[in-house]
Amino acid sequence: MPTSPFDTFCHQVCSFVRFWPDHAAITAELTAHLEDCRDALLERNTALSPEEAVARAKEYLAGALAAMLDLGHGRGTMCHLFDREIPWV
């Protein structure tokens, strides 16, 4: 049962990490980045709803992760299919 609007996103990202002891640290780091991004979006655009800011923060971080992880450009061990529709965003 998710406790923050970012839990599902973090869970999905961690599903790609086999070393489960790192999941808590990854979730904490991702959540901090997502919260910072959400807060910056709300500060810059006062007309934006909190829900829309959360969605945009997830889209932004998903894109950043895709750029960092797909080093093989879809042809190698680093291909995590982030270039396809992202179900958790």
Side-chain angles (χ1 to χ4, degrees):
M1 180 170 176
T3 57
S4 88
F6 305 119
D7 284 348
T8 301
F9 178 89
C10 293
H11 176 74
Q12 289 291 327
V13 171
C14 285
S15 73
F16 291 101
V17 178
R18 289 184 184 176
F19 191 67
W20 62 267
D22 282 346
H23 287 193
I26 291 168
T27 297
E29 185 74 18
L30 288 173
T31 300
H33 285 298
L34 287 162
E35 289 172 346
D36 288 345
C37 186
R38 176 203 57 205
D39 295 345
L41 287 165
L42 288 172
E43 186 176 309
R44 290 182 181 153
N45 186 350
T46 56
L48 199 62
S49 73
E51 293 80 14
E52 182 63 24
V54 166
R56 287 189 186 183
K58 290 178 186 179
E59 289 173 14
Y60 174 78
L61 196 57
L65 288 170
M68 289 186 295
L69 294 177
D70 194 15
L71 300 176
H73 303 287
R75 296 181 295 275
T77 58
M78 295 303 290
C79 177
H80 295 284
L81 304 176
F82 280 112
D83 59 333
R84 303 208 178 136
E85 184 175 331
I86 303 167
W88 61 83
V89 174

* To do: Please report the C-alpha distance between Phe9 and Leu65 in whole Å, then the side-chain angles of each, then the deciding distance to 0.1 Å, and finally whether the side-chain contact (heavy atoms from CB on, under 4.5 Å) criterion is met.
  => CA-CA 12 Å; Phe9 178 89; Leu65 288 170; 4.1 Å; yes

In residues 20-30, what donor-acceptor pairs under 3.5 Å come from side-chain atoms, sequence neighbours left out?
{"residue": "His23", "atom": "NE2", "partner": "Cys14", "partner atom": "O", "Å": "3.2"}
{"residue": "His23", "atom": "NE2", "partner": "Val17", "partner atom": "O", "Å": "2.7"}
{"residue": "Thr27", "atom": "OG1", "partner": "His23", "partner atom": "O", "Å": "2.9"}
{"residue": "Glu29", "atom": "OE2", "partner": "His33", "partner atom": "NE2", "Å": "2.9"}

Run the side-chain donor-acceptor check on residues 38-53: report pairs under 3.5 Å with partners two or more places apart or on a different chain.
{"residue": "Asn45", "atom": "OD1", "partner": "Ala47", "partner atom": "N", "Å": "3.1"}
{"residue": "Ser49", "atom": "OG", "partner": "Glu52", "partner atom": "N", "Å": "3.1"}
{"residue": "Glu52", "atom": "OE2", "partner": "Arg56", "partner atom": "NE", "Å": "3.1"}

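Atoms CG and OG, on Leu34 and Ser4 in that order, are 8.5 Å from each other to the nearest 0.5 Å.
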